[in-house]
Number of protein chains: 2
Amino acid sequence: MSQNCHMGPFLMQDTNFGVLTGNNVETRFFKAGSIIFHQGDAANEMFVIRSGQVRIQLGNRTLAELSADAIFGEMALIDNEPRSATAIAVTDVELVPVSEKQFLFMVGQTPYFALKVMRVLAQRLRATSKTFG
Amino acid sequence: MSQNCHMGPFLMQDTNFGVLTGNNVETRFFKAGSIIFHQGDAANEMFVIRSGQVRIQLGNRTLAELSADAIFGEMALIDNEPRSATAIAVTDVELVPVSEKQFLFMVGQTPYFALKVMRVLAQRLRATSKTFG
């Protein structure tokens, strides 16, 4: 995250979190078709997708289809509420979990990380409004 | 913003931005019933409500009713897209505008501010999902 303390790239619309999926991190695997978490589950981590495709669903509506270097599960870290949607592995998936402690550290150390997370939330909000509008 | 650099109050669910509405700031007034901005407008600032009530609408659905110390209009600053919804003054309203430059400065200087903005976005996302779900 060394280059992230300047604000220049703010307008780049960058929501690539690949910097968090380096080689020396714990990863977690999910088989195609398996549930990563259910709406309503208690939660204390978010995920970066290292490989594979993840679908975010609310009831039977798809809110997002995400691939490598995208994050999901960040909502529950931010507001400490249960999972707001269900996440399903569309293909075999490898994930990097990010704990609340790591998340808060990154927000504190790298404003650019905070902006990227805000941008993801803003995109989801616009997409959700469109899906249901 | 002097006390905002520690992360302790993270779990307080605090979305009060009253610290930004001090006495020496520019304010803007809107009469009850007037439109503050329309969905689709270009945008380069967000607002903190100093007094009064603001309704956020998408088409004819109310997404939020906000009062003193709440923020709105932050979406367009974050993703540089047009206004995602319409904001209407329900009562006479006094607002403190926050420019993109001020916003980026606060995100960079005070991680707690960034977390609060994320929390607002997360709340709106949950509310939008409920409104349309």
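Proteins come first, then strands; the chains are lettered A, B, ... in the order of their sequence lines, and each starts at number 1. For clarity, every value in this text was computed on a predicted model and none was experimentally measured.
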Are B:D79 and A:M118 close enough that some pair of their side-chain heavy atoms sits under 4.5 Å apart? no
Side chains of A:L115 and B:I78 in contact at under 4.5 Å (non-hydrogen atoms): no
I'd like to know which of B:S84, B:A85, B:A76, B:G59 tops the heavy-atom pair count under 4.5 Å against chain A. B:S84
Looking at every heavy atom in both [X] and [Y], which two are closest together, and how far apart are they?
| X | Y | result |
| --- | --- | --- |
| B:R83 | A:R126 | C-NH1, 4.2 Å |
| B:A114 | A:V107 | CB-CG1, 4.3 Å |
| A:L125 | B:M75 | CD2-SD, 3.5 Å |

Hey, what do you get for CG (A:L121) to CD (B:E74), rounding to the nearest 0.5 Å? 10.5 Å
Applying the 4.5 Å side-chain criterion to the ILVMFWY set and letting contacts propagate, would [X] and [Y] be lumped into a single cluster?
| X | Y | answer |
| --- | --- | --- |
| B:V90 | B:L58 | no |
| A:F29 | A:V25 | no |
| A:I88 | A:F30 | no |

